[in-house]
Amino acid sequence: MCGRYTLTSPDELVQEFGLGELPFDLAPRYNIAPTQEAPVVVGGQVRELRLFHWGLVPQWAKDTRGGARLINARSETVHDKPSFREAFARRRCLICADGFYEWKRGGKRPVPHYMRRVGGGVIAFAGVWERYQLPDGRPYFSYAAMTTGANGLMAPIHDRMPVIIDRADYDRWLDPSIRERAPLDDLLRPPAEAGFEMRQVSERVNSVANDSPACLLAGPDQQSLF
DNA sequence: CCAGACGTTGTT
DNA sequence: GTCTGG
DNA sequence: CCAGACGTTGTT
DNA sequence: GTCTGG
(Lines give C-alpha, C1' and ligand atoms only; values in the text may rest on other atoms or scores of the structure.)
Protein backbone atom coordinates (compact mmCIF):
# COMPACT_ATOMS: atom_id res chain seq x y z
CA MET A 1 0.00 0.00 0.00
CA CYS A 2 0.88 3.59 -0.40
CA GLY A 3 3.25 3.29 -3.32
CA ARG A 4 2.46 6.65 -4.94
CA TYR A 5 1.36 10.07 -3.68
CA THR A 6 1.13 13.74 -4.59
CA LEU A 7 2.46 17.08 -3.39
CA THR A 8 0.71 19.44 -5.75
CA SER A 9 0.93 22.60 -3.62
CA PRO A 10 4.40 22.67 -2.05
CA ASP A 11 4.04 26.37 -1.20
CA GLU A 12 1.59 25.38 1.56
CA LEU A 13 4.36 23.58 3.46
CA VAL A 14 5.80 26.80 4.89
CA GLN A 15 2.66 27.67 6.78
CA GLU A 16 1.60 24.10 7.57
CA PHE A 17 4.87 23.17 9.24
CA GLY A 18 5.94 26.59 10.50
CA LEU A 19 9.02 26.79 8.30
CA GLY A 20 10.71 30.13 7.65
CA GLU A 21 10.77 29.62 3.92
CA LEU A 22 11.31 26.72 1.52
CA PRO A 23 15.06 25.90 1.60
CA PHE A 24 14.90 24.73 -2.03
CA ASP A 25 12.59 24.98 -5.02
CA LEU A 26 9.80 22.43 -5.18
CA ALA A 27 7.77 21.80 -8.31
CA PRO A 28 4.21 20.47 -7.95
CA ARG A 29 4.27 16.66 -7.99
CA TYR A 30 1.39 14.45 -9.15
CA ASN A 31 3.11 11.06 -9.07
CA ILE A 32 5.82 10.68 -6.44
CA ALA A 33 7.22 7.14 -6.67
CA PRO A 34 9.65 4.95 -4.69
CA THR A 35 13.38 5.77 -5.09
CA GLN A 36 12.60 9.39 -5.96
CA GLU A 37 13.54 12.35 -3.78
CA ALA A 38 10.73 14.12 -1.93
CA PRO A 39 10.50 16.52 1.01
CA VAL A 40 10.09 15.39 4.62
CA VAL A 41 10.02 17.37 7.88
CA VAL A 42 12.46 16.26 10.57
CA GLY A 43 12.44 17.43 14.20
CA GLY A 44 15.14 18.30 16.68
CA GLN A 45 15.79 21.85 17.87
CA VAL A 46 13.72 23.25 15.01
CA ARG A 47 11.68 21.67 12.26
CA GLU A 48 13.64 21.31 9.07
CA LEU A 49 12.58 20.42 5.53
CA ARG A 50 14.87 17.88 3.86
CA LEU A 51 14.90 16.06 0.51
CA PHE A 52 15.20 12.31 1.14
CA HIS A 53 14.85 9.25 -1.08
CA TRP A 54 11.66 7.23 -0.70
CA GLY A 55 12.61 3.64 0.19
CA LEU A 56 14.52 3.20 3.44
CA VAL A 57 18.01 1.75 3.08
CA PRO A 58 19.23 0.21 6.37
CA GLN A 59 22.77 0.99 7.41
CA TRP A 60 23.80 -2.63 6.89
CA ALA A 61 22.56 -2.81 3.30
CA LYS A 62 25.13 -3.69 0.64
CA ASP A 63 23.93 -0.90 -1.62
CA THR A 64 21.03 1.50 -1.98
CA ARG A 65 19.07 -0.70 -4.38
CA GLY A 66 17.26 -4.00 -4.51
CA GLY A 67 15.59 -5.91 -1.68
CA ALA A 68 16.91 -3.73 1.11
CA ARG A 69 14.85 -0.79 -0.02
CA LEU A 70 11.76 -0.51 2.11
CA ILE A 71 8.99 1.89 1.10
CA ASN A 72 6.48 0.99 3.85
CA ALA A 73 6.73 0.03 7.52
CA ARG A 74 3.82 -1.67 9.31
CA SER A 75 2.84 0.38 12.35
CA GLU A 76 1.90 -2.82 14.20
CA THR A 77 5.45 -4.21 14.09
CA VAL A 78 7.76 -1.28 13.32
CA HIS A 79 9.10 -1.09 16.88
CA ASP A 80 10.74 -4.52 16.83
CA LYS A 81 11.77 -5.09 13.22
CA PRO A 82 15.56 -4.91 12.89
CA SER A 83 15.24 -2.77 9.77
CA PHE A 84 13.07 -0.13 11.44
CA ARG A 85 13.49 -0.37 15.23
CA GLU A 86 16.21 2.25 15.63
CA ALA A 87 14.71 4.59 13.04
CA PHE A 88 11.34 4.43 14.79
CA ALA A 89 12.91 5.21 18.17
CA ARG A 90 15.14 8.07 17.06
CA ARG A 91 14.45 9.16 13.48
CA ARG A 92 10.78 9.87 12.86
CA CYS A 93 9.68 12.36 10.22
CA LEU A 94 6.57 13.81 8.57
CA ILE A 95 6.22 13.03 4.87
CA CYS A 96 4.86 16.02 2.96
CA ALA A 97 1.88 15.13 0.79
CA ASP A 98 -1.58 16.31 -0.20
CA GLY A 99 -3.07 13.06 -1.50
CA PHE A 100 -2.19 9.44 -2.24
CA TYR A 101 -3.11 6.66 -4.64
CA GLU A 102 -4.33 3.13 -3.99
CA TRP A 103 -5.17 0.51 -6.59
CA LYS A 104 -8.28 -1.64 -6.37
CA ARG A 105 -7.48 -5.15 -7.53
CA GLY A 106 -9.66 -8.06 -8.43
CA GLY A 107 -10.69 -7.01 -11.91
CA LYS A 108 -8.66 -7.69 -15.02
CA ARG A 109 -6.41 -4.76 -14.18
CA PRO A 110 -5.78 -2.67 -11.09
CA VAL A 111 -7.88 0.53 -10.94
CA PRO A 112 -6.20 3.59 -9.40
CA HIS A 113 -8.02 5.69 -6.79
CA TYR A 114 -6.96 8.91 -5.09
CA MET A 115 -7.66 10.07 -1.53
CA ARG A 116 -7.19 13.63 -0.31
CA ARG A 117 -8.62 16.04 2.22
CA VAL A 118 -12.00 17.43 1.19
CA GLY A 119 -11.12 20.26 -1.16
CA GLY A 120 -7.39 19.53 -0.81
CA GLY A 121 -4.78 20.55 1.74
CA VAL A 122 -1.55 19.21 3.23
CA ILE A 123 -1.43 15.65 4.54
CA ALA A 124 1.46 14.53 6.75
CA PHE A 125 2.25 10.80 6.60
CA ALA A 126 4.11 9.27 9.54
CA GLY A 127 7.59 8.34 8.39
CA VAL A 128 10.90 6.98 9.63
CA TRP A 129 14.24 7.80 8.08
CA GLU A 130 17.80 6.51 7.89
CA ARG A 131 21.25 7.75 6.98
CA TYR A 132 23.25 5.34 4.82
CA GLN A 133 26.95 5.72 4.08
CA LEU A 134 27.85 5.40 0.40
CA PRO A 135 31.20 3.78 -0.55
CA ASP A 136 32.67 7.19 -1.34
CA GLY A 137 31.70 8.44 2.13
CA ARG A 138 28.74 10.59 1.13
CA PRO A 139 25.46 10.10 3.02
CA TYR A 140 22.30 8.77 1.37
CA PHE A 141 19.15 9.78 3.26
CA SER A 142 15.99 7.73 2.86
CA TYR A 143 12.57 7.19 4.42
CA ALA A 144 9.70 4.73 4.71
CA ALA A 145 6.00 5.52 5.12
CA MET A 146 4.19 3.88 8.04
CA THR A 147 1.01 1.95 7.23
CA THR A 148 -2.08 1.04 9.25
CA GLY A 149 -5.47 -0.57 8.63
CA ALA A 150 -7.93 0.95 6.16
CA ASN A 151 -10.62 3.32 7.41
CA GLY A 152 -14.20 3.15 6.15
CA LEU A 153 -13.48 5.27 3.10
CA MET A 154 -10.50 3.14 2.01
CA ALA A 155 -11.86 -0.29 2.89
CA PRO A 156 -13.67 -0.89 -0.45
CA ILE A 157 -10.41 -0.26 -2.30
CA HIS A 158 -7.68 -1.74 -0.12
CA ASP A 159 -7.07 -3.04 3.40
CA ARG A 160 -4.10 -0.80 4.26
CA MET A 161 -3.41 2.93 4.11
CA PRO A 162 -0.76 5.38 5.32
CA VAL A 163 -0.64 6.60 8.91
CA ILE A 164 -1.73 10.26 8.82
CA ILE A 165 -0.60 12.61 11.59
CA ASP A 166 -2.91 15.49 12.58
CA ARG A 167 -1.46 18.98 12.82
CA ALA A 168 -1.97 18.97 16.61
CA ASP A 169 0.25 15.88 16.87
CA TYR A 170 3.21 16.98 14.70
CA ASP A 171 5.40 17.87 17.69
CA ARG A 172 4.75 14.63 19.51
CA TRP A 173 5.52 12.51 16.46
CA LEU A 174 8.77 14.39 15.86
CA ASP A 175 9.82 14.59 19.55
CA PRO A 176 13.22 12.84 19.71
CA SER A 177 12.94 12.39 23.47
CA ILE A 178 10.10 9.90 22.92
CA ARG A 179 11.71 6.54 22.14
CA GLU A 180 8.97 4.15 23.15
CA ARG A 181 6.02 2.89 21.22
CA ALA A 182 3.35 3.43 23.90
CA PRO A 183 3.18 7.27 23.94
CA LEU A 184 2.77 7.20 20.15
CA ASP A 185 0.24 4.36 19.94
CA ASP A 186 -2.81 6.57 19.51
CA LEU A 187 -1.22 8.27 16.47
CA LEU A 188 -0.90 5.00 14.56
CA ARG A 189 -4.57 4.14 14.22
CA PRO A 190 -6.50 4.36 10.93
CA PRO A 191 -7.39 8.00 10.17
CA ALA A 192 -10.96 9.13 10.77
CA GLU A 193 -12.74 9.16 7.40
CA ALA A 194 -14.45 12.49 8.06
CA GLY A 195 -12.67 15.23 6.17
CA PHE A 196 -11.35 13.00 3.39
CA GLU A 197 -12.68 12.21 -0.07
CA MET A 198 -11.76 9.56 -2.60
CA ARG A 199 -12.50 8.69 -6.19
CA GLN A 200 -11.25 6.81 -9.20
CA VAL A 201 -8.56 8.52 -11.30
CA SER A 202 -6.73 8.13 -14.59
CA GLU A 203 -4.60 5.04 -15.32
CA ARG A 204 -1.96 7.52 -16.41
CA VAL A 205 -0.71 7.39 -12.83
CA ASN A 206 0.33 3.76 -13.36
CA SER A 207 3.47 4.87 -15.17
CA VAL A 208 5.98 6.86 -13.15
CA ALA A 209 6.85 8.71 -16.35
CA ASN A 210 3.52 10.53 -16.02
CA ASP A 211 3.80 13.32 -13.43
CA SER A 212 1.16 15.85 -14.44
CA PRO A 213 -2.31 17.02 -13.36
CA ALA A 214 -3.72 14.54 -15.89
CA CYS A 215 -3.03 11.78 -13.34
CA LEU A 216 -5.91 13.22 -11.31
CA LEU A 217 -8.47 13.26 -14.12
CA ALA A 218 -11.58 11.43 -12.95
CA GLY A 219 -11.83 7.84 -14.13
CA PRO A 220 -12.98 6.01 -16.06
CA ASP A 221 -14.20 8.71 -18.45
CA GLN A 222 -11.43 11.10 -17.37
CA GLN A 223 -13.47 14.19 -18.16
CA SER A 224 -12.96 16.36 -15.12
CA LEU A 225 -10.68 17.34 -12.30
CA PHE A 226 -12.04 17.61 -8.76
C1' DC B 1 29.81 -20.88 17.15
C1' DC B 2 28.87 -19.15 12.04
C1' DA B 3 25.45 -18.23 8.27
C1' DG B 4 21.96 -15.77 6.65
C1' DA B 5 18.25 -12.77 7.04
C1' DC B 6 16.82 -8.28 7.94
C1' DG B 7 10.55 -5.77 4.54
C1' DT B 8 5.88 -4.94 2.53
C1' DT B 9 2.63 -5.82 -0.78
C1' DG B 10 -0.34 -9.08 -3.04
C1' DT B 11 -1.18 -13.57 -4.59
C1' DT B 12 -1.50 -18.53 -4.15
C1' DG C 1 24.50 -3.62 13.08
C1' DT C 2 21.58 -7.29 15.27
C1' DC C 3 18.71 -11.17 15.49
C1' DT C 4 17.35 -15.97 14.29
C1' DG C 5 18.22 -20.62 12.91
C1' DG C 6 20.96 -24.57 12.78
C1' DC D 1 2.90 1.16 -6.24
C1' DC D 2 3.22 -0.35 -11.54
C1' DA D 3 6.09 -1.04 -15.79
C1' DG D 4 9.40 -3.33 -18.00
C1' DA D 5 13.18 -6.27 -18.27
C1' DC D 6 14.74 -10.75 -17.87
C1' DG D 7 21.05 -12.98 -21.78
C1' DT D 8 25.25 -14.41 -24.15
C1' DT D 9 28.05 -14.70 -28.00
C1' DG D 10 30.29 -12.74 -31.67
C1' DT D 11 30.61 -9.20 -34.89
C1' DT D 12 30.36 -4.30 -36.38
C1' DG E 1 7.66 -15.91 -12.42
C1' DT E 2 10.78 -12.56 -10.36
C1' DC E 3 13.69 -8.71 -10.11
C1' DT E 4 14.91 -3.85 -11.04
C1' DG E 5 13.92 0.92 -11.88
C1' DG E 6 11.41 4.98 -11.19
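Per chain, numbering begins at 1; letters A, B, ... match sequence-line order. Side chains included, hydrogens not; waters and symmetry mates left out as well; all remaining heavy atoms used. Just so you know, these numbers come straight off a predicted model, no measurement behind them.
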Nearest to the side chain of A/Arg105, heavy atoms from C-beta on, is which of B/dC6, D/dC2, B/dT8? D/dC2

Spacing of the P atoms in C/dT2 and B/dG7 (rounded, Å): 15 Å

At under 4.0 Å, does any side-chain N or O of A/Arg204 touch on OP1 or OP2 of D/dC2? no

Given the P atoms of B/dC6 and D/dC6, what is the spacing between them in whole Å? 27 Å

Given B/dT8, E/dG6, C/dC3, which nucleotide is nearest the side-chain atoms of A/Thr147? B/dT8

Can a side chain N or O of A/Arg85 be found less than 4.0 Å away from OP1 or OP2 on C/dC3? yes

Report which part of the nucleic acid A/Tyr5 touches: base, sugar-phosphate, or nothing (heavy-atom distance under 4.0 Å, all strands). nothing

Regarding the side chain of A/Arg4, the nearest nucleotide among B/dC6, D/dC1, B/dT9 is D/dC1

Whole-angstrom distance between D/dC1 and B/dT11, as gauged at atom C1': 15 Å

Could you tell me how far E/dG5 sits from D/dT8 if I compare only their C1' atoms? Round to whole Å. 23 Å

Within the structure shown, what part of the strands sits under 4.0 Å from A/Pro34 by heavy-atom distance: base, sugar-phosphate, or nothing? base

Check: A/Phe141 ring centre within less than 6.0 Å of A/Tyr132 ring centre: no

Is it true that A/Glu86 and A/Arg91 have a side-chain N and a carboxylate O under 4.0 angstrom from each other? no

Provide the distance between the two C1' atoms, one in E/dC3 and one in D/dT9, to the nearest whole Å. 24 Å

Mind checking whether A/Phe88 and A/Trp129 have ring centres under 6.0 Å apart? no

Side-chain ion pair, A/Glu102 and A/Arg160, N-O less than 4.0 Å: no

With sugar-phosphate meaning primed atoms plus P, OP1 and OP2, does A/Asn31 contact a base, only sugar-phosphate, or nothing at under 4.0 Å between heavy atoms? nothing

So what does A/Pro112 hit on the nucleic acid, given a heavy-atom distance under 4.0 Å: a base, only sugar-phosphate, or nothing? nothing

Side-chain N or O of A/Thr77 versus OP1/OP2 of B/dT8: is the shortest distance under 4.0 Å? yes

Presence of A/Arg65 side-chain N/O under 4.0 Å of E/dC3 phosphate oxygens OP1/OP2: no

If we call it a pair only when both distances are under 3.5 Å in a Watson-Crick or G-U wobble match, what pairs with E/dT2? D/dA5

May I ask you to check whether A/Tyr143 and A/Phe52 place their ring centres under 6.0 Å from each other? no

For A/Gln36, answer base if it contacts any base atom (sugar-phosphate contacts may also be present), sugar-phosphate if it contacts only those atoms, and nothing otherwise; contact means non-hydrogen atoms under 4.0 Å. sugar-phosphate

May I ask whether A/Trp60 stacks on the base of B/dC6, given the cut-offs of 5.5 Å between ring centres and 30° between planes? yes

